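Please read these numbers as outputs of a predicted model, since none were measured by experiment.
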Amino acid sequence: MDSLFTSLRKYRPREKSDPFENFVTEAFAWLLRKDTELGLCFIDGISKKLASKGKGFTLRGNEVAWSTQENYGGVYPDMEAKLSGITLVFEHKVHAPLHNDQLQSYRSFHERMGGEYRLILITGHHSQHAQDPDLALCWYEIYQLIESYIETKQSNEFTWVVKDFLQLLKTEGLGPAAPISHVGIWHYQEAIE
């Protein structure tokens with residue numbers, strides 16, 4: 001059984017620990033597994049962005065196996081998408097920086113195992129983009145990709161939870177930034193002083 005709430009239950013708040021990053025990862029992975037059309041749309045978006053960087057791949061078929069917290073010899077990337085012929089490895093950050101050599105440990109694992117892979121980093125903001133992933137994105141870009149998907153597709157049984165996921169990102173400051181208003185610009189100098 002692949003229950004959203006069972007998936008999220010593993011990440012309870014503990015003393016000196018906020019599991020929000022894992023919570024977002026589990027909710028996102030669940031959505032991608034359940035709404036297969038969204039999952040393929042996301043893979044297509046990742047593929048296009050990687051292609052623009054000269055690191056593209058060919059999607060063969062439409063079978064994607066999404067998982068979280070796979071054991072890479074004692075290190076655990078946040079999310080993984082196994083496709084025919086390639087593995088997409090995701091590391092998600094909200095506010096925390098990457099650990100030392102975190103992405104290199106994932107690279108080393110895949111280099112030992114062989115096979116094609118791409119390493120994708122998704123963060124709260126651009127300043128967290130480090131350690132040379134194949135693709136670095138911010139959560140607001142994920143928000144925009146999902147929002148475009150919702151706008152162009154007919155509603156399905158998962159539309160409500162997809163919208164709730166977008167609201168979660170927005171509420172936590174991970175959605176698109178609000179535009180700067182004319183009044184805000186007008187009072188900018190005053191605010192600085």
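- Using a 4.5 Å cut-off on side-chain heavy atoms (C-beta onward), C138 and H126 make contact.
- Taking the six-membered ring where the residue is Trp, F23 and F20 present parallel rings, their angle staying beneath 30° rather than reaching 60°.
- Atom-to-atom distance recorded for E116:CD and L88:CG is 9.5 Å, nearest 0.5 angstrom.
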Stepwise side-chain contact (heavy atoms from CB on, under 4.5 Å) test for R107 and D132 = CA-CA 11 Å; R107 280 186 197 94; D132 197 30; 4.1 Å; yes

Under the side-chain contact (heavy atoms from CB on, under 4.5 Å) rule, what do I86 and T58 come out as? Steps first, then yes or no, please.
-> CA-CA 9 Å; I86 190 167; T58 303; over 6 Å; no

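- With rounding to the nearest 0.5 Å, the separation of CD in Q104 from CD in Q102 is 12.0 Å.
- Summarising the geometry of A29 relative to W66, their closest heavy-atom pair is O-CB, 4.4 Å, with the distance given to 0.1 Å.
- At least one side-chain heavy atom of V24 sits under 4.5 Å from a side-chain heavy atom of L169.
- By the rule that hydrophobic residues join a cluster once side-chain heavy atoms approach within less than 4.5 Å of another member, Y149 and L32 end up as members of one cluster.
- No side-chain heavy atom of R118 sits less than 4.5 Å from a side-chain heavy atom of L135.
- Counting heavy-atom neighbours within 6.0 Å of E63 CD, excluding the residue itself, gives a total of 12 or less.
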Residues 38-52, side-chain donor-acceptor partners within the protein, below 3.5 Å, at least two apart:
residue : atom : partner : partner atom : Å
D44     : OD2  : K48     : NZ           : 3.1
S52     : OG   : K49     : O            : 2.7

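- The neighbour count for E151 CD, taken as heavy atoms of other residues, nucleotides or ligands under 6.0 Å away, is above 12.
- Interatomic distance, CZ of F165 versus CH2 of W30, reported as 12.0 Å (0.5 Å rounding).
- Note: E91 CD to T25 OG1 = 7.5 Å, rounded to the nearest 0.5 Å.
- Side-chain contact between T87 and E80 is present, with heavy atoms from C-beta onward closer than 4.5 Å.
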For side-chain contact (heavy atoms from CB on, under 4.5 Å), just list the numbers for Y76 and N71, CA-CA rounded to whole Å, side-chain angles, deciding distance to a tenth of an Å, and then say yes or no.
-> CA-CA 5 Å; Y76 302 86; N71 186 347; 3.4 Å; yes

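- There is no path of hydrophobic side-chain contacts, each under 4.5 Å, that joins Y117 to L83.
- In this structure, Y143 OH and L174 CG are separated by 11.5 Å, a value rounded to the nearest 0.5 Å.
- Looking at heavy atoms from C-beta onward, K82 lies out of side-chain contact with E70 at the 4.5 angstrom threshold.
- A distance-only check finds a donor-acceptor pair linking the side chain of H129 to the backbone of L137 [under 3.5 Å].
- Side-chain N or O atoms of W139 include one that pairs as donor or acceptor with a backbone N or O of K93 at under 3.5 Å.
- The side-chain heavy atoms of Q69 and D78, taken from C-beta on, include a pair separated by under 4.5 Å.
- Not one N or O on the side chain of E21 forms a donor-acceptor pair closer than 3.5 Å with the backbone of H95.
- V89 belongs to a hydrophobic cluster whose other members, connected by ILVMFWY side-chain contacts under 4.5 Å either directly or through intermediates, are Y72, V75, L98, L103, Y106, F109, M113, L119, L121.
- L145 and Y140 fall into different hydrophobic clusters, where Ile, Leu, Val, Met, Phe, Trp and Tyr residues are linked whenever their side-chain heavy atoms come under 4.5 Å apart, directly or through other members.
- For NZ of K163, the number of neighbouring non-hydrogen atoms (other residues, nucleotides, ligands) closer than 6.0 Å is 12 at most.
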With side-chain contact (heavy atoms from CB on, under 4.5 Å) as the test, would you mind laying out the steps for I146 and F28 before giving the verdict?
-> CA-CA 11 Å; I146 295 171; F28 188 39; 3.8 Å; yes

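- Expressed to the nearest 0.5 Å, how far CG of D134 lies from CZ of F57 amounts to 10.5 Å.
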